[in-house]
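Here is the naming used below: chain letters follow the sequence lines, and residue numbers restart at 1 for every chain.
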2 protein chains.
Amino acid sequence: METNEAGEAWDVLGDRSRRAIVTRLAERPWAVGELADELPISRPAVSQHLRVLKSAGLVDDEVHGTRRVYRLNPAGVAALRDQLDTFWRRALAGYQDLLPADRQPSETEPEESS
Amino acid sequence: METNEAGEAWDVLGDRSRRAIVTRLAERPWAVGELADELPISRPAVSQHLRVLKSAGLVDDEVHGTRRVYRLNPAGVAALRDQLDTFWRRALAGYQDLLPADRQPSETEPEESS
DNA sequence: GAGATCGGTAAGTTGTAGCTTACGGTTCGT
DNA sequence: ACGAACCGTAAGCTACAACTTACCGATCTC
């Protein structure tokens with residue numbers, strides 16, 4: 001089964017709010033209140049999402065006075081993308097030639113001749 | 001906002017059962033009853049998931065007598081992967097050097113000194 | 001044609017993820 | 001030291017997606 005390792009990746013980024021947070025954090029580090037001001041959810045909701053993201057290793061936090069600044073954790077991001085990549089590679093083993101990033105110059109598209 | 005286009009991809013594959021179905025369909029075409037026999041959910045549940053997958057363009061169905069055989073739609077799979085790839089590229093614009101499958105030798109590689 | 005097989009759909013239930021409000025702790029400013 | 005700013009956590013609510021049961025149509029077999 002694949003759900004144990006790769007499932008977490010889907011679960012973490014399966015939420016719209018968390019994806020929005022990750023998108024913001026990719027630009028620059030953000031404080032919790034700043035994120036809550038940008039997003040259509042309350043500050044505690046942001047806090048809870050950040051806890052999920054942190055437990056998944058996607059973000060790191062740094063205390064600056066009363067503020068807590070979150071930033072992306074590059075290693076965690078890479079690991080998560082690896083998990084998703086593993087899913088694609090394993091689940092779609094017979095369709096690897098369709099991976100867009102891996103497109104080879106030979107344009108032999110597998111056409112099912114039914 | 002990115003959720004409009006790429007959000008559907010996450011929503012479709014955000015479900016464990018649907019990922020399991022896609023994994024099975026990557027091996028070979030399956031009938032609905034066969035899938036339901038493999039998975040820990042009922043046949044109607046499988047049917048509903050297949051409807052979602054079909055409306056997303058991920059699978060195609062073919063009627064063989066009383067049986068309905070589902071198979072992966074390569075174009076839809078590629079499109080879905082493109083959507084996810086777009087998310088990673090846009091959301092993590094500053095972390096492209098961490099994409100495992102995309103390593104380009106021509107680009108300057110800022111190796112992380114951990 | 002009758003029964004059996006296969007699968008889609010409707011209707012209803014339920015578990016849970018996400019959200020809000022309320023509260024408490026910590027740190028900074030004055 | 002006192003109030004303000006900032007944030008985490010607890011508790012509770014709600015909406016929704018996933019699931020089940022029940023029913024029906026379509027197709028094959030005999």
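Remark: B:Thr66 is not in phosphate contact with C:dA4, judged by side-chain N or O atoms under 4.0 Å from OP1 or OP2. Phosphate proximity of D:dC19 to B:His49: present, with a side-chain N or O under 4.0 Å from OP1 or OP2. Contact check, B:Arg68 against C:dG8: a side-chain N or O comes under 4.0 Å of OP1 or OP2. Contact annotation: A:Ser42 does not reach the phosphate of C:dC19 (side-chain N/O to OP1 or OP2, under 4.0 Å). Taking only side-chain nitrogens and oxygens, B:Tyr70 comes nearer than 4.0 Å to OP1 or OP2 of C:dG8. An OP1 or OP2 oxygen of C:dT9 is reached within less than 4.0 angstrom by no side-chain nitrogen or oxygen of B:Ser47.
Residues B:Gln48 and A:Gly65 each lie close to DNA chain C; by heavy-atom proximity, the contact nearer the 5' end of the strand is made by B:Gln48. Summary of the strand contacts: A:Val63 and A:Ala45 both lie near DNA chain C, and taking for each the nucleotide with the nearest heavy atom, the more 5' one is attributed to A:Ala45.
No option in A:Glu34, A:Arg71, A:His64 other than A:Arg71 meets the side chain to side chain contact (heavy atoms under 4.5 Å, CB included) test with A:Pro29.
The distance from atom CG of A:Leu50 to atom P of C:dC19 is 12 Å, rounded to the nearest whole Å. Distance CZ (A:Arg16) to C1' (C:dC19): 16 Å, rounded to an integer number of Å. Rounded to an integer number of Å, the gap from CD1 of A:Ile41 to P of D:dC7 is 14 Å. Separating the CH2 atom of B:Trp10 from the C1' atom of D:dA17 is a distance of 19 Å, rounded to the nearest angstrom. Taking atom CG of B:Leu53 as the reference point, atom P of C:dG8 lies 12 Å away to the nearest angstrom. The CD1 atom of B:Ile21 sits 14 Å away from the C1' atom of C:dG7 (whole-angstrom rounding). Distance A:Leu39 CG to C:dG18 P: 14 Å, rounded to the nearest Å. Going from atom CH2 of A:Trp30 over to atom C1' of D:dC7 covers 17 Å, rounded to whole Å.
Residue B:Arg43 is classed as a base contact, given a heavy-atom separation below 4.0 Å to a base. Across all strands shown, A:Arg51 has heavy atoms under 4.0 Å from sugar-phosphate atoms exclusively, and none from any base.
Here the side chains of B:Asp15 and A:Trp10 are not in contact, with every heavy-atom distance at 4.5 Å or above. A 4.5 Å side-chain heavy-atom check between B:His49 and B:Ile41 finds at least one atom pair inside the cut-off. At a threshold of 4.5 Å between non-hydrogen side-chain atoms, the residues A:Arg24 and A:Leu39 count as touching.
Rounded to the nearest 0.5 angstrom, A:Leu13 CG and A:Leu58 CG are separated by 6.0 Å.
Taking every side-chain heavy atom of A:Ala31 into account, D:dC7 is the closest of C:dG8, D:dT9, D:dC7.
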